[in-house]
Amino acid sequence: MIAADQLVVTRFAPSPTGHLHIGGARTALFNWALARKLGGHFLLRIEDTDQARDTGDECVFGIMRSLAWLGIDWDEGPAPDDLSKSRDPRSVGPFFQSQRLDSYRAALEQLLQKDLAYHAFETPAELEAMRDEAKREKRAFRYNRAALSIPRDERFRRAESEPCVVRFRAPEEEVVVRDEVLGMVRIAPGEVDDFVIFKADGFPTYHFAVVADDQAMGVTHVVRGQEHLTNTPRHVMLQRALGYRTPVYAHLPLIVGESGAKLSKRDKDRAVRQACRDKNITSPPPGTADPDEFAGWLADKNRQMSGGALSRLAAALGVTLPPINAEDFRDAGYLPEVVCNYIALLGWSPGSDIEKFDMGFLAERFDLSRIGKTGARFDYKKLLAFNTDALAAMDDAEFASRWREWCASHAPDVLAATGAATTISESFAMLATAMRPRSKTFADAAAGCAFLLMDDGAIAFDDAAVSKNLIKNDGEGAAVLAALRDELAAAGDWSPKPLHDVIESYAGARAIGLGKVAQPLRVALTGGTVSPPIDATLALLGRDRTLARIDRCLSQVKTAIGKA
RNA sequence: GGCCCCAUCGUCUAGCCUGGUCCAGGACGCCACCCUUUCAAGGUGGAGACACGGGUUCAAAUCCCGUUGGGGUCACCA
């Protein structure tokens, strides 16, 4: 139990993979919120004990950048810009497990001396065989303690020269874990086997490092995903063996994907594979993926295609990969505060009808007792709706500023075309105002600018749009367009209001709906039927480009009518 | 397969602990209509759930047991 005057310490402890999975982001967010709510510290620790995994500094920076983007700041942990420095007000660092080996070895020695742990010499291949056997006999693998039949001194002697692991001698007793979300979880005696706590390479395993660090760093609350639930009895046993306290545990319900299984990178493969099935594609479009790899991948729903090939395939098929990592959401043009708001709702609720809230609200209202037990499906549509609402609620200036920032890294051509490379130009501001009401994400807003970025001569006219708005009824639309062209050419002030007046008076004079006028114009200017309000579209393009596009359209349509 | 966890609209959830105020509330999605210069957005309305079976009780979404279903986990990964 936590004493009343004790500093609450929560932690987020990712392994450095470079990406912050959205499930990890929620774990971090909840730990952050709990620390804020309780006036404690939120700590970031890097779990880099796997030497087989290549984990450059960039991997750590990637995760820290994602956390920072989401607005999750840590009181203790590596400094965000320089890994050789850290924030360490209580002097509990370093925050990289690879730099804490001495402390693990000291704790290990304790266990070894008390015979609470022992060396074991089976090779990986031998263990593999034992595991296979267990599987064949349909039982869970448990280490058989064969090493314990080796005399004690011999074990210690052999450990000097032979490669070996160290196993924890798990007591045969019931373990009851009190979990703030799940209640009491009981594990029968003998269920926990003698798991490895130190690897042959001299590094601790996750279980050992976590327990040692949580103690050393004074972690009081462990909030993590439910996939860790079965690890918890091991950790509790280790804590008891080492004489450590047991922190408060809270296991979060899993975030699941479309298939109902834990949301993962596989969901990207799943989306693309589904598209291939829908479109009856049996071989990869040229230049996207290796045909053999593709065939195997298509047939096996658990297979993952190499990253580059998957993106190329998705692009070729016109499929949007579902965002999974925090950076995917940023790339897709979501607002970080919206992402936080939405993921907070996955497994937690404030207990009222309120569901739109900010970080301050979370910091004030977050509560472990309101975390649910059931897995939550990630609903991209709801996230999108939240993001749409958030953009709609912004004022034009804020939208322009934040959208410009996004474009700088994701759509520089939009900035180039509006002269906004270094600052918000008048033309960019006008564009932003035009795009905001019809955008659900920043990416959406940028995609809507395509008509502006194209060369006047490069516009591809959509057949259906042309026939419906220009050719139908003996070229009614084309006639309107031709007439309007001259009115526009004569317009004095080329800005939205006067342009709007020109169009309206033209329509008014002939008693036709504005739609009959705007749509032909829209097709001529953009090739399709969708764009910002027509006066804004005109103003954005400018007089010369507008007239050039109308002329080009008219001449193409004339040919089409001639043929017909 | 062993062990563990879970079970309210299609989805996220409120309600469950402290049975009656719940013929179950909200949100996203869906449907219809309205608005409309396109697409969005917006407005109004609508359909839509207590997994099943047993108990306990005057009374159960709420408590108990079982069944079924789903998920997690069984590494010298974390």
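If you're wondering where the values come from, they're calculated on a predicted model, not measured in any experiment. Chain A is the first sequence line, chain B the second, and so forth, proteins listed ahead of strands; every chain is numbered from 1.
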Check: Taking NE2 from H251(A) and C1' from rC5(B), how many angstroms apart are they, rounded to a whole number?
Finding: 11 Å

Margin query: Classify the ring geometry of F442(A) against F399(A): parallel below 30°, tilted from 30° to 60°, perpendicular beyond 60°.
Written below: tilted

Notebook entry, point to check: What's the CZ-C1' distance between R131(A) and rG1(B), to the nearest Å?
Noted result: 17 Å

Next item on the list: Answer with base, sugar-phosphate or nothing: what part of the nucleic acid does A200(A) contact at a heavy-atom distance below 4.0 Å?
Entry: base

Check: Taking the inter-plane angle between the rings of H119(A) and F121(A) on a 0 to 90° scale, is it parallel (under 30°), tilted (30 to 60°) or perpendicular (over 60°)?
Finding: tilted

Notebook entry, point to check: Considering only the C1' atoms, how many Å lie between rA75(B) and rU67(B), rounded to the nearest integer?
Noted result: 35 Å

Margin query: Once you apply a heavy-atom cut-off of 4.0 Å, does K262(A) come out as touching a base, just sugar-phosphate, or nothing?
Written below: sugar-phosphate

Note to self: Need one value for K440(A): base, sugar-phosphate or nothing, where a base atom within 4.0 Å counts as base even if backbone is also close, heavy atoms only.
What the structure shows: sugar-phosphate

Item checked: rU68(B) and rG29(B), which share atom name P, separated by this distance in whole Å -> 38 Å

Check: With a 4.0 Å cut-off on heavy atoms, is V185(A) in touch with a base, just the backbone sugar-phosphate, or nothing at all?
Finding: sugar-phosphate

Check: Rounded to the Å, how far apart are K373(A) NZ and rC12(B) P?
Finding: 17 Å

Next item on the list: Please tell me which of the listed nucleotides, rA75(B), rG25(B), rG1(B), lies nearest to the side chain of D353(A)?
Entry: rG25(B)

Notebook entry, point to check: Base, sugar-phosphate alone, or nothing: which one does R370(A) contact when heavy atoms must sit under 4.0 Å apart?
Noted result: sugar-phosphate

Check: Taking the six-membered ring for Trp, are F378(A) and Y380(A) parallel (under 30°), tilted (30 to 60°) or perpendicular (over 60°)?
Finding: tilted

Checklist line | Contacts of type salt bridge (charged side-chain N to carboxylate O under 4.0 Å, His left out), residue R402(A), not counting sequence neighbours | finding: E337(A), E398(A)

Item checked: Side-chain donor-acceptor pair present, Q519(A), R522(A), cut-off under 3.5 Å -> yes

Note to self: Can you measure Y380(A) atom OH to rA27(B) atom C1' for me and round it to whole angstrom units?
What the structure shows: 19 Å

Next item on the list: Give the nucleotide from the list rU73(B), rU37(B), rC74(B) with an atom nearest to the side chain of E227(A).
Entry: rU73(B)

Notebook entry, point to check: If you measure from the P atom in rG53(B) to the same atom in rC17(B), how many Å do you get, rounded?
Noted result: 22 Å

Note to self: Within the 4.0 Å heavy-atom criterion, would you say G347(A) contacts the bases, only the backbone, or no part of the nucleic acid?
What the structure shows: sugar-phosphate

Margin query: By nearest atom, which of the nucleotides rC6(B), rC39(B), rC28(B) is closest to the R438(A) side chain?
Written below: rC39(B)

Checklist line | Modelled atom types, side-chain donor and acceptor of D213(A) and Y104(A), under 3.5 Å | finding: yes

Notebook entry, point to check: Taking CG from L229(A) and C1' from rA78(B), how many angstroms apart are they, rounded to a whole number?
Noted result: 16 Å

Next item on the list: Output the single nucleotide from rA41(B), rU13(B), rC3(B) whose closest atom is nearest the side chain of T374(A).
Entry: rU13(B)

Notebook entry, point to check: For rC77(B), does either OP1 or OP2 sit under 4.0 Å from a side-chain N or O belonging to K199(A)?
Noted result: yes

Next item on the list: Hunt down the Watson-Crick or G-U wobble partner of rA51(B), both distances under 3.5 Å, from any strand shown, or write none.
Entry: rU67(B)

Check: Is R136(A) paired with E133(A) through a side-chain N to carboxylate O contact shorter than 4.0 Å?
Finding: no

Notebook entry, point to check: How long is the line joining CZ of R234(A) and C1' of rC76(B), in whole Å?
Noted result: 13 Å

Check: Quantified in whole Å, what is the C1' atom distance between nucleotide rC9(B) and nucleotide rA51(B)?
Finding: 13 Å

Notebook entry, point to check: In whole Å, what separates the C1' atom of rU62(B) from that of rU8(B)?
Noted result: 11 Å

Notebook entry, point to check: Base, sugar-phosphate, or nothing for S15(A), non-hydrogen atoms under 4.0 angstrom?
Noted result: sugar-phosphate

Note to self: So, does R377(A) get its side chain near the phosphate of rG29(B), meaning an N or O under 4.0 Å from OP1 or OP2?
What the structure shows: no

Notebook entry, point to check: If we take the P atom in both rC50(B) and rU56(B), what is their distance in whole Å?
Noted result: 24 Å

Check: According to the Watson-Crick and G-U wobble definitions, with both distances under 3.5 Å, which nucleotide is paired to rC3(B)?
Finding: rG72(B)

Margin query: Let's test this: given Watson-Crick or G-U wobble pairing with both distances under 3.5 Å, identify the partner of rG20(B).
Written below: rC58(B)

Notebook entry, point to check: Nearest to the side chain of D50(A) - rC77(B), rG2(B), rU37(B)?
Noted result: rC77(B)

Check: Between rG72(B), rG2(B), rC76(B), which one does the side chain of P124(A) approach most closely?
Finding: rC76(B)

Margin query: Going by purine N1 to pyrimidine N3 plus the second Watson-Crick contact, or the G-U wobble pair, all under 3.5 Å, which nucleotide sits opposite rC39(B)?
Written below: none

Check: Does rA78(B) have a Watson-Crick or wobble partner in any strand here, with both distances under 3.5 angstrom, and which is it?
Finding: none

Checklist line | Options rG72(B), rU37(B), rC5(B), nucleotide nearest the side-chain atoms of L182(A) | finding: rC5(B)

Item checked: OP1 or OP2 of rA78(B) under 4.0 Å from side-chain N/O of T49(A) -> yes

Next item on the list: Assess the side chains of S531(A) and T537(A): does a donor N or O sit below 3.5 Å from an acceptor N or O?
Entry: yes

Checklist line | 5′-ward residue of the pair Q519(A)/K382(A) relative to RNA chain B | finding: K382(A)

Next item on the list: Identify whether any heavy atom of T205(A) sits under 4.0 Å from a base atom; if not, whether one sits that close to sugar-phosphate; answer base, sugar-phosphate or nothing.
Entry: sugar-phosphate

Notebook entry, point to check: Taking the C1' atom of each, how far is rA61(B) from rC52(B), in whole Å?
Noted result: 14 Å

Note to self: Can a side-chain donor-acceptor contact be found between Y118(A) and D194(A) if the only test is distance below 3.5 angstrom?
What the structure shows: yes

Margin query: Any base atoms under 4.0 Å from E122(A), or only sugar-phosphate, or nothing? Heavy atoms, all strands.
Written below: base

Check: For H21(A), which contact category applies under a 4.0 Å heavy-atom criterion: base, sugar-phosphate, or nothing?
Finding: nothing

Item checked: Nearest-nucleotide pick for H500(A), side chain only, options being rG72(B), rU13(B), rU37(B) -> rU37(B)

Next item on the list: In sequence, state the C-alpha distance, the side-chain angles, and the governing distance for R53(A) and D50(A), and then conclude on salt bridge (Lys or Arg N to Asp or Glu O under 4.0 Å).
Entry: CA-CA 6 Å; R53(A) 203 180 305 202; D50(A) 185 8; 3.7 Å; yes

Item checked: Integer angstrom distance from the P of rC76(B) to that of rG71(B) -> 26 Å

Check: Reckon L127(A) touches a base, only the sugar-phosphate, or nothing at all at heavy-atom distances under 4.0 Å?
Finding: base

Check: For rU44(B), which nucleotide in any strand shown is its Watson-Crick or wobble partner with both distances under 3.5 Å?
Finding: rA32(B)

Item checked: Distance, rounded to the nearest Å, where E126(A) contributes CD and rA75(B) contributes P -> 16 Å

Checklist line | Under 4.0 angstrom between K381(A) side-chain N/O and rC28(B) OP1 or OP2 | finding: no

Next item on the list: Round to the nearest Å and state the distance from N231(A) atom CG to rC77(B) atom P.
Entry: 13 Å

Notebook entry, point to check: Which part of the nucleic acid, if any, lies within contact of E355(A), taking any heavy atom under 4.0 Å across all strands shown: a base, the sugar-phosphate backbone alone, or nothing?
Noted result: base

Check: With sugar-phosphate meaning primed atoms plus P, OP1 and OP2, does L346(A) contact a base, only sugar-phosphate, or nothing at under 4.0 Å between heavy atoms?
Finding: sugar-phosphate

Check: If only side-chain N and O atoms of R522(A) are considered, is one of them under 4.0 Å from the OP1 or OP2 phosphate oxygen of rU37(B)?
Finding: no

Margin query: Taking the nucleotide of RNA chain B with the nearest heavy atom to each, does E137(A) or P532(A) sit closer to the 5' end?
Written below: E137(A)

Next item on the list: Give a yes/no answer on whether the side chain of T230(A) brings an N or O atom under 4.0 Å of OP1 or OP2 in rG72(B).
Entry: no

